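For reference, the structure is listed below as structure tokens.
No experiment lies behind these values; they were computed from the predicted model shown.
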Amino acid sequence: MTAYKSDFLRVLQERGYIHQVSDPQGLDALAARGEAIAYVGYDCTAPSLHIGHLLSIMILHWLQKTGNKPIALMGGGTTRVGDPSGRDETRKLLTYEQIDANKESIKNVFSKFITFGNGKADAVMADNAEWLAKLNYIEMLRDVGRHFSINRMLTMDSVRLRLEREQELSFIEFNYMILQSYDFVELARRYGCNLQMGGSDQWGNIVNGIDLGRRMGTHQLYALTCPLLTTSSGAKMGKTAAGAVWLNADLLSPYDYWQYWRNTEDADVARFLKLFTLLPLDEIARLAALEGQDVNEAKKVLATEATALVHGRAAALEASETARRTFEEGGIAQSLPTIEIPQAEFAAGVGVLAAFVRAGLVSSNGEARRHIKGGGLKVNDVAVTDEKRVLTPADVAGGVIKLSLGKKRHVLLKGA
């Protein structure tokens with residue numbers, strides 16, 4: 001294990017963020033002087049980032065916390081092309097209006113982790129549409145494209161894996177790595193950026209950017225990647241039966257976000273406390289030593305601390321208290337996630353399968369039927385046994401109908 005001198009790389013190593021570094025000694029010296037200026041790029045493919053992005057956002061936080069400068073790069077330009085990394089099919093091309101709307105929607109999350117301003121270590125938010133949208137194709141081919149080897153591009157995982165599986169790779173996607181490399185050069189010129197960070201699947205693209213910078217006369221550039229996380233059981237982080245674990249509260253409530261972390265597998269608690277909270281390592285070690293039922297206390301701390309970072313301390317404590325009242329006292333907490341159904345539709349009756357799909361607790365009627373057979377769906381804490389059951393105003397208790405999947409996921413139905 002490398003003995004780093006800079007606070008930045010030492011913290012990242014201790015907490016488990018590092019997968020690969022292009023020049024550990026060079027980057028370590030740069031960060032020790034407070035001269036690391038690093039960016040992570042975020043394409044605007046959805047109206048919210050999800051917890052798959054959280055690892056790199058946390059690295060930007062620690063970069064700034066240790067006296068270095070973060071750049072959050074919005075992919076207003078690259079989103080128009082689509083990143084083929086880790087995908088089996090071409091991304092759906094969004095309209096420019098959709099991209100702009102998504103960009104505005106995802107911006108807010110960054111201010112919860114990094115501080116923006118004009119100071120030496122203050123964060124900058126940039127948008128690659130600023131330079132990519134203005135590129136002239138012929139000039140781009142002459143000035144940038146000539147530095148790329150097709151032979152080498154074909155060996156990159158994002159291209160090679162798609163071709164090996166005989167799945168189509170469009171020409172527009174093939175150009176993505178050139179644009180990403182050019183981003184690194186532009187950020188180096190505009191902001192003095194010297195480090196690109198991202199998930200381990202981005203290593204090839206980042207190294208391409210370092211090589212392009214060398215060929216186009218920038219200062220020395222560096223690469224750092226974090227691991228692509230899976231749970232100890234092998235599941236991909238950030239996916240549930242109901243979909244992605246979004247960071248925006250309008251797409252996933254703070255309560256559901258809290259519950260996601262509360263449901264962490266026992267073997268992952270210590271690792272996730274290091275990666276997704278700001279708790280000191282000695283406190284994490286104390287929580288990691290808990291055994292048996294006491295592990296649940298560590299999970300509650302993880303859930304509350306992780307939720308506080310994204311949604312604020314007040315929302316995290318409310319989610320924690322809602323869970324306590326719901327599970328420990330068996331009550332219906334009014335701060336549970338709520339969906340409204342038009343009163344006329346409510347009065348006519350809503351099929352139980354459709355209600356659970358609408359609540360986002362299951363993704364389809366078929367999944368609801370499977371849970372009913374296993375006794376996993378409940379209405380007002382009573383197991384559903386008839387898949388043809390219809391919910392009516394007679395089921396309303398305290399102004400709502402409580403739908404539950406298992407012991408930990410609940411949604412309230414309410415007439416509007």
Regarding D183 and W131, do their side chains bring together a donor and an acceptor under 3.5 Å, going by distance alone?
yes

Per side-chain hydrogen bond (donor to acceptor under 3.5 Å, both in side chains), S105 is matched among D100, N248, D250 by N248

Notebook entry, point to check: Hey, mind stepping through T79 and N102 against side-chain contact (heavy atoms from CB on, under 4.5 Å) and telling me if it holds?
Noted result: CA-CA 10 Å; T79 308; N102 288 345; over 6 Å; no

Residues T277 and M58: closest non-hydrogen pair is O-CE, 4.0 Å

Those residues at least two apart in sequence (or on a different chain) that pass side-chain hydrogen bond (donor to acceptor under 3.5 Å, both in side chains) with D127 are K103

The side-chain hydrogen bond (donor to acceptor under 3.5 Å, both in side chains) partners of S22 (sequence neighbours excluded) come to none

ask   = Below 4.0 angstrom, N of the basic side chain to O of the carboxylate: do R370 and E367 qualify?
value = no

Main-chain N/O of T264 paired to K299 side chain as donor or acceptor, under 3.5 Å | yes

Legend entry - S181 (side chain) donor-acceptor with M177 (main chain) under 3.5 angstrom: yes

When every non-hydrogen atom of I18 is compared with those of Q13, the smallest separation belongs to CD1-N, 3.8 Å

How about Q25: does its CD atom have over 12 heavy atoms from other parts shown lying under 6.0 Å from it?
-> no

I57 and L247: side-chain contact (heavy atoms from CB on, under 4.5 Å), yes or no, with the steps? CA-CA 12 Å; I57 298 175; L247 303 185; 4.3 Å; yes

Run the side-chain contact (heavy atoms from CB on, under 4.5 Å) check on L54 and F113 step by step: do they pass? CA-CA 10 Å; L54 202 50; F113 293 86; 3.7 Å; yes

Value for CG (L9) from CG (L63), rounded to nearest 0.5 Å, stands at 9.5 Å

Correct closest heavy-atom pair for A223 and W203 would be CB-CZ3, 3.8 Å

Closer than 3.5 angstrom, by distance alone: can the side chain of D122 be matched with the main-chain N or O of N118 as a donor-acceptor pair? yes

Give the ring-plane orientation class for H50 versus H53, where under 30° counts as parallel, over 60° as perpendicular and anything between as tilted.
tilted

From the list W261, Y257, Y255, ring-ring contact (aromatic ring centres under 6.0 Å, His included) with H311 holds only for Y257

Correct closest heavy-atom pair for D266 and V295 would be OD1-CG1, 3.9 Å

Check your understanding: Is there a donor-acceptor pair closer than 3.5 Å between any side-chain N or O of K112 and the backbone N or O of L309?
Key -> no

| query | Is it true that a side-chain atom of N68 and a backbone atom of A38 form a donor plus acceptor pair closer than 3.5 Å? | reply | no

Just by distance, do the side chain of K69 and the backbone of G119 share a donor-acceptor pair under 3.5 Å?
-> yes

For the side chain of Q98 and the backbone of T95, is there at least one donor-acceptor N/O pair under 3.5 Å apart? yes

Between C193 and Y39, the two heavy atoms sitting closest are SG-CD2, 3.7 Å

Is there a side-chain contact between I372 and T385, using heavy atoms and a 4.5 Å cut-off? no

Subject >> Neighbour count >12 (heavy atoms, 6.0 Å) for atom OH, Y96 >> reply: no

Using side-chain contact (heavy atoms from CB on, under 4.5 Å), reason through T304 and R262 one step at a time and then give a plain yes or no. CA-CA 8 Å; T304 300; R262 170 63 180 82; over 6 Å; no

query: So, the side chain of Q64 versus the backbone of A121: is there a donor-acceptor pair under 3.5 Å, distance only?
result: yes

All heavy atoms of H19 vs all of C226, minimum pair found to be CB-C, 3.6 Å

Q. Is the distance between the ring centroids of F110 and Y42 less than 6.0 Å?
A. yes

Salt-bridged, E318 to R313, with N to O below 4.0 Å? no

Discussion item. We want to know whether Q196 and Q202 form a side-chain donor-acceptor pair, criterion being a heavy-atom distance below 3.5 angstrom.
Written reply: no

Rounding to 0.5 Å, atoms NZ (K300) and CH2 (W258) come to a distance of 6.5 Å

Note to self: Please check: side-chain N/O of N194 versus main-chain N/O of A36, any donor-acceptor pairing under 3.5 Å?
What the structure shows: no

query: Do other residues, nucleotides or ligands put more than 12 heavy atoms under 6.0 Å from K5 NZ?
result: no

Do N128 and T78 get their side chains close enough for a donor-acceptor pair, meaning under 3.5 Å? yes

